[in-house]
Amino acid sequence: MSALLAPRRPSVIAPPAPVAEPVKVCFMIDRLSRAGTESQLLALLRELDRMRVQPSLVLLDGEDDLSRALEPADCPVIRLGVRKLLSVSATRAAARLRSFWREHRPDVLQTYFLDAAYFGAPLAKACGIRRVVRVQNNLGYWLNGKHRVLGRCVRPFVDAMLTNTDAGKQALVERERHRGDRVVVLENGVDTARFNRFMFPDTSKPRVRVGCVANLRPVKNIDGLMRTAKAALERFPRLTFDVAGDGEQRPELERLHAELGLGDRFKLRGSITDVAGFLRTVDVAVLPSHSEGMSNALLEYMSAGRAVIATDVGANAQVLRHGKDGLIVPAGDSEALVGALGQMLENPMRAAAFGSSARRRVEAEYSRDAMCRRFEAFYRTITSN
């Protein structure tokens with residue numbers, strides 16, 4: 001019998017593959033703001049695939065207007081009103097949090113900053129949450145003896161430490177004695193769509209604007225940038241400087257601004273909500289910090305296609321390849337930063353090429369979508385063990 005006339009076997013339909021249940025992840029932080037860590041958390045809350053991860057959010061305090069305004073709409077949220085961990089209100093809050101967790105039954109608790117770790121990690125284990133993850137993205141430059149002791153006390157309740165740089169992992173393993181197999185590096189991501197259709201920088205213009213996005217804290221070295229600006233303006237009068245951000249150091253910086261006589265050539269713009277709009281008007285973007293983990297500002301500079309100069313701290317040199325995506329200078333070296341500004345002015349074509357290369361790199365490696373997929377895979381892995 002020919003093959004064409006042979007009787008046909010009944011086809012066997014394979015049963016559909018079982019669909020994995022979403023991992024339930026509860027995030028805990030003191031409050032929401034537009035700062036770097038908080039922005040990355042909000043991105044996760046808004047953009048995680050709900051078929052893979054179902055989030056909930058615990059705010060230790062979060063009663064201020066800004067924090068309330070930033071709360072995600074499609075995620076269960078509880079505000080505990082805790083401002084001091086050793087207080088009657090904290091004891092009451094623990095009971096409320098137990099009820100919240102009984103309702104939402106998270107598989108994972110992920111904590112940000114010190115108080116959330118101290119308050120949340122032991123309580124989560126007592127409530128039967130399977131895995132506790134602690135995020136520490138900075139390099140621990142601020143840790144004192146008290147917090148090192150408290151960190152060791154809470155360590156038995158933590159299943160994994162998350163950080164966003166190899167340098168951060170090294171610090172956790174070598175300085176804080178965490179086990180290397182329990183420290184996981186998950187890089188940040190940036191919303192590249194906010195920076196679509198940006199023109200590349202033109203440093204041949206009669207006025208070249210140097211911009212910086214930073215909280216006004218000593219570690220960000222805005223005072224050093226002011227002194228650099230004083231020297232740079234003497235050599236390159238085409239420059240102007242603008243800093244977007246606010247913080248505890250503002251009164252000190254305003255006094256220094258007056259002492260240096262910078263006038264309207266160096267402006268402290270204060271806090272801004274439209275970072276993309278600010279960067280659209282910038283030609284050269286600088287990150288002068290003394291210490292960083294993985295800088296959100298740097299990713300935004302690169303996504304905007306600016307000509308970027310950053311100090312050699314944290315993951316800066318890993319993310320921004322020196323001589324290809326921008327320029328890396330030693331931290332605290334004002335003369336090197338002035339020289340780098342000069343290079344951007346003297347070779348406009350190279351400055352524009354830096355911007356183009358930086359944008360391509362971020363789109364390929366550091367998008368928000370890529371970040372969310374990394375976290376989703378991590379949650380699936382940590383709950384499958």
Side-chain angles (χ1 to χ4, degrees), residues 25-45 55-64 66-68 70-72 75 77-87 89-90 93-94 97 106 108-125 129 131-155 157-165 168-169 171-172 175-176 178 182-186 188 214-215 217-220 245 247-248 289 291-297 314 375:
V25 182
C26 181
F27 299 88
M28 182 183 287
I29 196 168
D30 52 357
R31 60 182 294 274
L32 299 176
S33 75
R34 294 192 175 92
T37 297
E38 292 87 342
S39 295
Q40 292 294 321
L41 169 57
L42 284 166
L44 284 175
L45 290 170
S56 56
L57 176 62
V58 175
L59 300 173
L60 287 183
D61 185 8
E63 296 292 351
D64 60 280
L66 176 59
S67 183
R68 284 173 174 261
L70 292 173
E71 290 177 8
C75 169
V77 179
I78 183 172
R79 292 179 234 103
L80 297 178
V82 174
R83 297 184 181 180
K84 291 184 179 180
L85 296 187
L86 297 177
S87 64
S89 63
L97 183 53
V108 178
L109 172 68
Q110 181 163 311
T111 70
Y112 293 79
F113 302 139
L114 300 174
D115 285 353
Y118 303 156
F119 184 81
L123 185 59
K125 287 298 186 182
I129 293 178
R131 295 288 182 261
V132 174
V133 177
R134 183 179 176 187
V135 177
Q136 185 170 315
N137 286 333
N138 58 61
L139 300 185
Y141 65 92
W142 42 265
L143 283 177
N144 56 29
K146 168 190 168 184
H147 289 299
R148 292 187 190 281
V149 170
L150 289 172
R152 286 194 290 270
C153 291
V154 80
R155 190 174 301 171
F157 304 100
V158 175
D159 298 286
M161 295 289 294
L162 290 188
T163 188
N164 53 16
T165 66
K169 178 173 182 175
L172 287 168
R175 187 186 309 163
E176 300 186 36
H178 287 274
R182 292 195 176 186
V183 181
V184 179
V185 177
L186 295 177
N188 289 355
N215 293 323
R217 297 186 290 127
V219 70
K220 298 300 183 180
E248 64 196 46
S289 306
S291 179
E292 289 283 351
M294 187 173 192
S295 169
N296 295 313
F375 273 88

Identify the two heavy atoms, one from Val77 and one from Pro72, that lie closest to each other, and give their separation to 0.1 Å. CG2-O, 4.3 Å
Report yes if some heavy atom in the side chain of Leu41 is under 4.5 Å from a heavy atom in the side chain of Tyr112; otherwise report no. yes
Okay, side chain of Asn296, backbone of Gly36: is any donor-acceptor separation there less than 3.5 Å? yes
Keeping the roles fixed (side chain from Thr165, backbone from Gly293), state whether a donor-acceptor pair exists under 3.5 Å. no
Would you say that Cys26 contacts Val58 through its side chain, given a criterion of any heavy-atom pair below 4.5 Å between the two side chains? yes
Using the test salt bridge (Lys or Arg N to Asp or Glu O under 4.0 Å), find all partners of Asp61 that sit at least two apart in sequence or belong to another chain. Arg83
How many angstroms lie between atom CZ of Arg34 and atom CG of Leu66, to the nearest 0.5 angstrom? 5.0 Å
Heavy-atom side-chain proximity of Asp115 to Asp30 below 4.5 angstrom: no
Heavy-atom closest contact (Ser89 atom, Gly81 atom, distance): OG-O, 4.3 Å
Do Thr37 and Gln40 have a side chain donor and acceptor closer than 3.5 Å? no
Check: Arg182 and Met161 side chains under 4.5 Å, non-hydrogen atoms: no
d(Leu44 CG, Gln110 CD) to nearest 0.5 Å is 7.0 Å
What's the verdict on side-chain contact (heavy atoms from CB on, under 4.5 Å) for Leu186 and Asn164, showing C-alpha distance, side-chain angles and the deciding distance? CA-CA 5 Å; Leu186 295 177; Asn164 53 16; over 6 Å; no
Step by step, would you call Leu60 with Arg79 a side-chain contact (heavy atoms from CB on, under 4.5 Å)? CA-CA 6 Å; Leu60 287 183; Arg79 292 179 234 103; over 6 Å; no
Under a 4.5 Å cut-off applied to non-hydrogen side-chain atoms, are Glu292 and Lys220 in contact? yes
Are the side chains of Thr111 and Phe27 in contact, using a 4.5 Å heavy-atom criterion? no
Side-chain heavy atoms of Glu248 within contact of Pro218, under 4.5 Å: yes
Among Val108, Asp159, Val184, Leu109, side-chain contact (heavy atoms from CB on, under 4.5 Å) partner for Val133: Val108
Work out which heavy atom in Ile78 is nearest to a heavy atom in Leu80; give both atom names and the distance. CD1-CD2, 3.8 Å
Are any side-chain N or O atoms of Thr163 and backbone N or O atoms of Gln136, one a donor and one an acceptor, separated by less than 3.5 Å? yes
Rounded to the nearest 0.5 Å, how far apart are CZ of Arg134 and CZ of Phe113? 11.5 Å
Tightest non-hydrogen contact, residues Phe157 and Val132, listed as O-CB, 3.3 Å
Counting N and O atoms only, with roles assigned by atom type, does the side chain of Ser87 sit under 3.5 Å from a partner on the main chain of Lys84, one being a donor and the other an acceptor? yes
Is any side-chain heavy atom of Leu59 closer than 4.5 Å to a side-chain heavy atom of Arg68? no
Step by step, would you call Glu63 with Arg31 a salt bridge (charged side-chain N to carboxylate O under 4.0 Å, His left out)? CA-CA 8 Å; Glu63 296 292 351; Arg31 60 182 294 274; over 6 Å; no
Using every non-hydrogen atom in the two residues, find where Ser291 and Val219 come nearest and quote the distance to one decimal. CB-CG2, 3.6 Å
Please find the pair of heavy atoms, one from Leu162 and one from Asn137, that lie closest to each other, and give the distance. O-OD1, 4.0 Å
